[in-house]
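Counting convention: from 1, in listed order, for ligands and their atoms alike. Residue numbers run from 1 in the order of the sequence given.
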Amino acid sequence: MFKKILIANRGEIACRVAATAKRMAIRTVAVYSDADADAKHVHACDEAVAIGGSAPKDSYLRWERIIDAAKATGAEAIHPGYGFLSENEAFAAACAEAGLVFIGPPASAIQAMGLKAESKQLMEKAGVPLVPGYHGANQDPELLKREADRIGYPVLIKASAGGGGKGMRAVERPEDFAAALASCQREARNSFGDEAVLVEKYVTRPRHIEIQVFGDTQGNCVYLFERDCSVQRRHQKVLEEAPAPGMTEALRKRMGEAAVAAARAVKYVGAGTVEFIVEQRHGEMNFFFMEMNTRLQVEHPVTEAITGLDLVEWQLRVAAGEPLPLQQSELRIHGHAIEARICAENPDNNFLPATGTLHVYRKPAATAFQRGTVRIDDGVREGDAISPWYDSMIAKLIVHGATREEALARLDEALAATHIVGLATNVQFLRHVVRSRSFAQADLDTALIPREAAVLFQQQPVGLELAAAAAVAKTLLDERVLAGPDPFSRRDGWRSHGVATRRLEFEFGGEHVKAELVTLHDGALRLALNGRVEPLSFRADGDTIELRLGDRQVRAVVYTLGESDHVFTAAGAAQILSIDLLAHAGDDASEGGRLTAPMPGKVVSFSVKPGDAVKKGQALAVMEAMKMEHTIAAPADGTVQELLFAPGDQVAEGAELLRLAA
Ligand code: ADP
Ligand code: ADP
Ligand code: MG
């Protein structure tokens with residue numbers, strides 16, 4: 001076995017690999033960018049080497065530097081994690097040339113699976129079922145259109161070099177094909193430097209079911225069962241689970257064997273995932289090859305949870321030349337596991353990624369490293385920032401239970417115990433998904449999120465009254481700490497005897513609310529809000545406040561950040577601004593007619609030019625940041641005066657992109 005490895009990645013996956021290496025007494029070398037100088041993964045490793053600037057192209061993608069770092073530190077092998085260099089065949093080949101072991105498949109296998117069109121040609125030969133479609137080399141638009149007509153609408157145009165859910169266009173009607181093709185090619189050229197596309201049947205209400213495979217250098221290859229990753233937004237995974245609900249033994253065997261055939265066709269070694277799209281028709285499940293990801297996948301922990309295996313350990317053993325630890329007949333599924341990706345993003349604003357500091361980052365108690373009931377994989381600590389340089393994933397929450405119901409209940413509980421303050425996250429959204437009818441009943445397909453939209457978005461799980469009561473309680477508790485047991489003598493607006501009234505103002509859910517807190521002679525409290533006067537009482541129990549308002553009782557944890565109180569209850573979280581306690585209320589300056597970048601990123605395109613008249617809500621520009629594209633829309637009707645950047649330009653957060661006149 002290796003004595004020392006270098007981990008050519010960052011964040012949770014670098015920490016994840018380091019944890020297994022440590023358990024196996026293998027020393028680890030981290031690499032880091034300027035932005036990551038003090039990152040968790042740097043501390044998780046035994047040594048660390050700085051490799052350059054914050055942008056991935058200046059650090060995590062600079063493979064000469066990474067190879068130099070491995071040589072300088074005496075590492076024998078390089079683990080690429082996922083993303084970055086993990087599917088770069090030139091890097092895999094360069095490692096071999098430098099005498100380093102690349103912990104992954106041979107460069108030839110990465111290359112064979114690198115382009116979706118070419119890999120489909122290979123899979124066709126290997127007898128793996130494909131979605132009906134065209135994946136040839138001829139890219140003549142007329143020919144592509146004829147192929148689409150032959151396949152039958154709806155069709156999906158996909159960038160052959162695509163990944164991360166980008167470069168895909170669904171086309172409903174023949175007359176829309178040409179425009180969709182042009183826009184798909186543009187995105188493919190900009191994002192992947194290659195505009196080749198394929199056209200395939202758009203499967204309606206499909207499921208995404210993928211098979212984890214593993215090969216070794218002795219020619220063995222097994223499948224470690226499936227993961228259902230159907231719950232997606234923007235073609236990116238949100239929740240993943242194993243086993244797939246409704247999977248039969250017979251289908252599992254057929255899909256597993258097809259995945260192994262796919263891997264064998266490219267002489268695969270190491271961990272890989274064969275992704276299938278599954279059509280659900282008349283109670284039957286028909287599966288078709290989509291692509292193979294030649295690396296460890298983000299969602300590998302659910303497979304670890306149900307098999308009791310450590311996939312990183314298998315990767316290391318295989319890379320060191322050992323045979324697979326187990327044969328197919330020795331592999332078993334135990335219970336059910338679900339992973340939720342916790343991301344810095346705003347689900348109510350089309351999942352716009354968010355950046356900022358994790359002022360509060362409290363996690364549910366983890367119960368074991370793997371195969372436990374709750375596992376948290378992350379690469380950040382409280383106080384760390386989610387920067388614009390990398391993707392928006394904060395943590396992965398993985399739960400395991402004897403049954404799906406048990407795992408589901410545990411996931412909801414674990415999400416409720418995940419308290420993040422300082423930036424927008426999808427935690428609350430994930431809870432809504434987990435509790436939605438479709439997810440609870442395992443009625444899974446890739447349209448689950450749009451189908452359940454009514455219960456997923458713009459939800460306020462904690463009402464104004466309880467949020468206000470929690471904020472009041474937190475304030476009074478804090479004042480008591482500051483002022484001793486008798487806060488009454490310290491604050492303006494209070495009287496120390498008789499009935500005292502304190503006027504309060506809140507901002508909640510975009511509304512301004514007035515309230516009054518009345519203290520009776522005996523010290524009992526009444527909260528008057530929206531014409532209702534209710535008795536309020538509370539007591540602190542560690543971090544938790546036990547609160548009673550009228551006949552409602554709730555346990556809440558409240559964090560104060562600046563002017564806002566962040567209230568977490570079993571039902572969900574809420575944010576409330578208490579205005580009376582401030583010297584002055586913060587007022588966001590509105591942007592008027594200026595159009596600014598919501599985050600640092602790259603300008604992809606402008607859909608308007610100077611002189612164009614635009615309507616409110618009309619798309620003006622597309623930006624790309626944190627692996628996603630964002631449309632910048634007109635805030636009001638107006639005329640475009642000037643474009644201040646060109647496509648391809650890097651822009652800072654808040655940079656003005658174009659000028660609009662009323
Ligand atoms: P998966 O099928 O495993 O979800 P994705 O295509 O979503 O694969 O990407 C895997 C991971 O690779 C992402 O979650 C992200 O962490 C990482 N990644 C991909 N591209 C980048 C990038 N440009 N910068 C940073 N991380 C990236
Ligand atoms: P990427 O490389 O971006 O992961 P994939 O080919 O794996 O691209 O597709 C990503 C997602 O797009 C799938 O998980 C699925 O939700 C959807 N998708 C892909 N192909 C089809 C199809 N033929 N019909 C319907 N949905 C599809
Ligand atoms: Mg995919």
Side-chain angles (χ1 to χ4, degrees), residues 82-83 86-88 110 113-123 128-135 144 147-148 150-172 180 184 187-188 190-192 194 196-213 226-241 244 255 259 262 272-281 285-300 339 341 351 391 438 444-451 624 627-629:
Y82 54 65
S86 60
E87 294 181 276
N88 185 320
I110 300 179
M113 289 298 186
L115 293 173
K116 294 188 206 288
E118 274 82 344
S119 69
K120 285 195 171 162
Q121 291 162 21
L122 266 175
M123 291 303 107
V128 179
L130 298 182
V131 190
Y134 171 79
H135 41 260
L144 294 173
E147 289 292 339
R150 178 184 61 79
I151 296 162
Y153 295 84
V155 298
L156 188 63
I157 310 176
K158 265 191 206 180
S160 184
K166 275 204 295 207
M168 279 194 269
R169 294 288 183 284
V171 188
E172 299 282 339
C184 186
E187 189 173 318
N190 285 338
S191 300
F192 312 111
D194 175 352
V197 300
L198 58 92
V199 184
E200 62 186 32
K201 175 106 201 115
Y202 186 81
V203 181
T204 44
R205 296 202 55 179
R207 282 168 71 175
H208 172 122
I209 300 180
E210 57 186 35
I211 306 284
Q212 175 71 54
V213 294
E226 76 279 3
R227 292 183 289 256
D228 190 313
C229 312
S230 300
V231 183
Q232 302 181 349
R233 52 120 172 79
R234 297 175 146 197
H235 300 300
Q236 290 179 7
K237 299 159 187 166
V238 174
L239 287 162
E240 301 107 338
E241 60 183 292
M255 289 183 74
T273 295
V274 181
E275 295 189 333
F276 293 103
I277 190 107
V278 177
E279 182 182 42
Q280 317 187 79
R281 225 173 168 180
M285 291 173 45
N286 303 311
F287 65 94
F288 307 105
F289 173 87
M290 260 193 305
E291 65 166 343
M292 180 167 187
N293 292 328
T294 53
R295 54 170 159 87
L296 190 68
Q297 204 100 334
V298 173
E299 56 274 21
H300 76 275
E339 173 181 279
R341 297 192 190 194
F351 301 98
D391 72 324
S438 295
L444 305 177
D445 61 77
T446 60
L448 186 144
I449 289 177
R451 178 167 70 247
E624 184 197 295
K627 274 187 78 200
M628 300 252 234
E629 286 201 352

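For V203, heavy-atom contacts with ligand 2 shorter than 4.0 Å involve the backbone as well as the side chain. Contact annotation for M168 and ligand 2: only side-chain heavy atoms (C-beta onward) come within less than 4.0 Å of the ligand.
The closest approach of E291 to the Mg ion (ligand 3), by N/O/S atoms, is made by OE2. Restricting E275 to its N/O/S atoms, the shortest distance to the Mg ion (ligand 3) is reached by OE1.
Heavy-atom contacts of E200 reach the following atoms of ligand 2: 20 (N), 21 (C), 22 (C), 23 (N) (cutoff under 4.0 Å). Within ligand 2, the atoms closer than 4.0 Å to a non-hydrogen atom of K116 are 1 (P), 2 (O), 5 (P), 6 (O), 8 (O), numbered from 1 in the order shown. Each of the atoms 11 (C), 13 (C), 14 (O), 15 (C), 16 (O) of ligand 2 lies under 4.0 Å from some heavy atom of Q232. Short contacts between ligand 2 and E291, defined as distances under 4.0 Å to a heavy atom of the residue, involve ligand atoms 1 (P), 2 (O), 4 (O), 5 (P), 7 (O), 8 (O). Numbered from 1 in the order shown, with element, the atoms of ligand 2 that lie under 4.0 Å from a heavy atom of K201 read 22 (C), 23 (N), 24 (N). Close contacts between ligand 2 and H208 involve ligand atoms 13 (C), 14 (O) [criterion: under 4.0 Å to a heavy atom].
Ligand 2 lies out of reach of K237, whose nearest heavy atom is not under 4.0 Å from it.
E624 and K166 are joined by a salt bridge, as a carboxylate oxygen and a charged side-chain nitrogen come within less than 4.0 angstrom of each other. A salt bridge links E210 with K237: the distance from a Lys NZ or Arg NE/NH1/NH2 to an Asp or Glu carboxylate oxygen falls below 4.0 Å.
For the residue pair R227/Q212, the side-chain donor-acceptor check at 3.5 Å is satisfied. Side-chain atoms of Q232 and R234 form no donor-acceptor pair, as typed in the model, at a separation below 3.5 Å.
Ligand 2 has no nitrogen or oxygen under 3.5 angstrom from a nitrogen or oxygen of V131. At under 3.5 Å, not a single nitrogen or oxygen of Y202, backbone or side chain, sits near a nitrogen or oxygen of ligand 2. Between T446 and ligand 2, not a single N/O pair is under 3.5 Å apart. Considering backbone and side-chain N/O of G164, one or more are found under 3.5 Å from N/O of ligand 2.
Closest non-hydrogen pair, V155 versus A148, comes out as CG1-O, 3.8 Å. Scanning both residues, M255 and I209, for their nearest heavy atoms gives CE-CG2, 3.8 Å.
For F287, the ring-ring contact (aromatic ring centres under 6.0 Å, His included) test picks out F276, with sequence neighbours left out. Judged as a ring-ring contact (aromatic ring centres under 6.0 Å, His included), and not counting sequence neighbours, F289 has no contacts.
Counting heavy atoms of neighbouring residues, nucleotides and ligands inside a 6.0 Å radius, atom CZ of R281 does not exceed 12 of them.
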